[in-house]
Amino acid sequence: MRKKMVAGNWKMNMTPSQAVKLAKELKPKVDTNEVDVVFCVPAIDIVPVVNELKDSGIKVGAENMFYEEKGAYTGELSPEMLIDAGVTYVIIGHSERRQYFHETDEVINKKMRKAIEHKLLPILCCGESLEQREKGVTIEFIKKQIASAFKYIPPENVINCVIAYEPIWAIGTGRVATAEQAQEVCEAIRGSIRDIYGAVVAERIRILYGGSVNAANASQIFSMPDIDGGLVGGASLKPEFADIVNYNKK
Ligand code: PGA
């Protein structure tokens, strides 16, 4: 049985003082053994949020990372910096990074390999545009994204990775995929992992859905057989996040 995971993606929200306040408010409501909870926070919030959450089971994630060890890369953060700051997970290849910062599949693969080399756990994002969905090429496109992201990564390192299926048309739009649409793609993603790495790895890797997840739709989406939880943007900044984490306690 795969343990469910609910990860918040705070994006470019919350100053350090606001971040500490939010972490403090959410902590008692989301610190549970039943679900793995992760707050993926802006880089400048990592240290104070790690400090605020240190006596809890909640893990902190970064929203991005560079693929070089160190050196003349003004503005970037290395895996070693993230590890030393107390980060456990790192989001890689979010569609906003692909779109606004021109991250290619090749860059994303380099980031995946570097994160894994440093024992950071990647939350790899994939997802199709509305145009691709309408053309009927969703599954084919996502299989390509997966194959490319995991290139050169050996099976023993894949088990602890997390994949987030986030259809671009559902991110921040309030237009959520139906549970069946999300399941269909998450099942195909697990199939891709099975083709590359075999059944054992495919059964263990966690696949999340992301895109307008909220307290009202979480339990239906998370009950699908190949969906192991959610990557939550907008609703992760609100008290509602606690209801998403506790989706099965109603
Ligand atoms: P959303 O964002 O929940 O606000 O749609 C999800 C994400 O981008 O991870």
Side-chain angles (χ1 to χ4, degrees), residues 4-14 18-19 22 26 30 35-43 45-46 49 58-65 87-103 108 111-112 115 120-130 132-133 138 141-142 145-146 149 161-179 181-183 185-186 189 206-222 224 227-247:
K4 291 277 198 257
M5 170 182 280
V6 177
N9 174 10
W10 291 11
K11 308 195 179 184
M12 197 174 74
N13 296 293
M14 300 287 140
Q18 291 167 339
L22 179 62
L26 288 174
V30 304
V35 176
D36 282 340
V37 177
V38 187
F39 293 174
C40 298
V41 306
D45 299 338
I46 289 171
V49 170
I58 304 163
K59 300 281 191 273
V60 175
E63 298 177 12
N64 183 30
M65 181 207 88
V87 164
T88 307
Y89 290 90
V90 56
I91 297 177
I92 293 183
H94 192 280
S95 61
E96 287 151 16
R97 300 238 29 116
R98 296 180 194 250
Q99 183 182 349
Y100 303 130
F101 303 96
H102 314 294
E103 289 192 12
I108 288 160
K111 292 186 175 191
M112 289 288 289
L120 278 166
L121 302 176
I123 301 176
L124 170 76
C125 298
C126 60
E128 82 287 4
S129 65
L130 187 57
Q132 287 167 323
R133 174 152 290 264
T138 297
F141 175 72
I142 285 175
Q145 282 188 323
I146 296 293
C161 291
V162 177
I163 299 172
Y165 166 54
E166 298 205 309
I168 295 169
W169 47 272
I171 296 178
T173 57
R175 184 178 164 186
V176 65
T178 65
Q181 282 173 324
Q183 163 60 23
V185 180
C186 291
I189 292 171
R206 286 187 288 193
I207 304 175
L208 313 181
Y209 167 79
S212 300
V213 173
N214 60 34
N217 59 35
S219 76
Q220 197 192 3
I221 295 172
F222 298 174
M224 302 309 279
I227 302 180
D228 304 312
L231 181 57
V232 184
S236 71
L237 301 169
K238 305 182 201 160
E240 181 182 359
F241 187 67
D243 297 321
I244 300 174
V245 170
N246 298 299
Y247 69 97

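Counting convention: from 1, in listed order, for ligands and their atoms alike. These numbers were taken from a predicted model, which means no experiment stands behind them.
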task: Evaluate side-chain contact (heavy atoms from CB on, under 4.5 Å) for Cys126 paired with Ile146, printing each intermediate quantity in order.
output: CA-CA 7 Å; Cys126 60; Ile146 296 293; 4.0 Å; yes
Derivation and outcome, side-chain contact (heavy atoms from CB on, under 4.5 Å), residues Met224 and Tyr209: CA-CA 10 Å; Met224 302 309 279; Tyr209 167 79; over 6 Å; no
message: I want to confirm something. Looking only at heavy atoms, which of Gly174, Gly234, Ala235 is nearest to atom 4 (O) of ligand 1?
response: Gly234
message: So if I apply the side-chain hydrogen bond (donor to acceptor under 3.5 Å, both in side chains) rule between His94 and each of Glu103, Glu63, Gln99, Glu166, which one comes out positive?
response: Glu166
query: Any idea which of Pro167, Ala7, Gly172 brings a heavy atom closest to atom 5 (O) of ligand 1?
result: Gly172
Residue selection (non-hydrogen contact nearest atom 2 (O) of ligand 1) among Glu166, Glu63, Lys11, Glu96: Lys11
query: For ligand 1, is there an atom lying under 4.0 Å from some heavy atom of Ser95?
result: no
message: The test is side-chain contact (heavy atoms from CB on, under 4.5 Å); show your working for Val162 and Leu208 and say whether it passes.
response: CA-CA 7 Å; Val162 177; Leu208 313 181; 3.6 Å; yes
- prompt: For ligand 1, which atoms have a heavy atom of Gly211 less than 4.0 angstrom away?
  reply: 5 (O)
- prompt: Quick one: does ligand 1 sit under 4.0 Å from the side chain of Ala170, the backbone, both or neither, non-hydrogen atoms only?
  reply: backbone
Contact partition for Asn9 relative to ligand 1, non-hydrogen atoms under 4.0 Å: side chain
- prompt: Do Thr173 and ligand 1 have an N or O pair less than 3.5 Å apart?
  reply: no
From SG (Cys161) to CG (Leu120), nearest 0.5 Å: 11.0 Å
Residue, atom name and distance, where the atom is the protein heavy atom closest to atom 3 (O) of ligand 1: Gly233 N, 2.8 Å
- request: Examine the side chains of Tyr165 and Glu128 and answer whether a donor and an acceptor come within less than 3.5 Å of each other.
  value: yes
Heavy-atom gap Gly210 to ligand 1 smaller than 4.0 Å: no
query: If you round to the nearest 0.5 Å, how far is CZ of Phe39 from CG of Asp45?
result: 12.0 Å
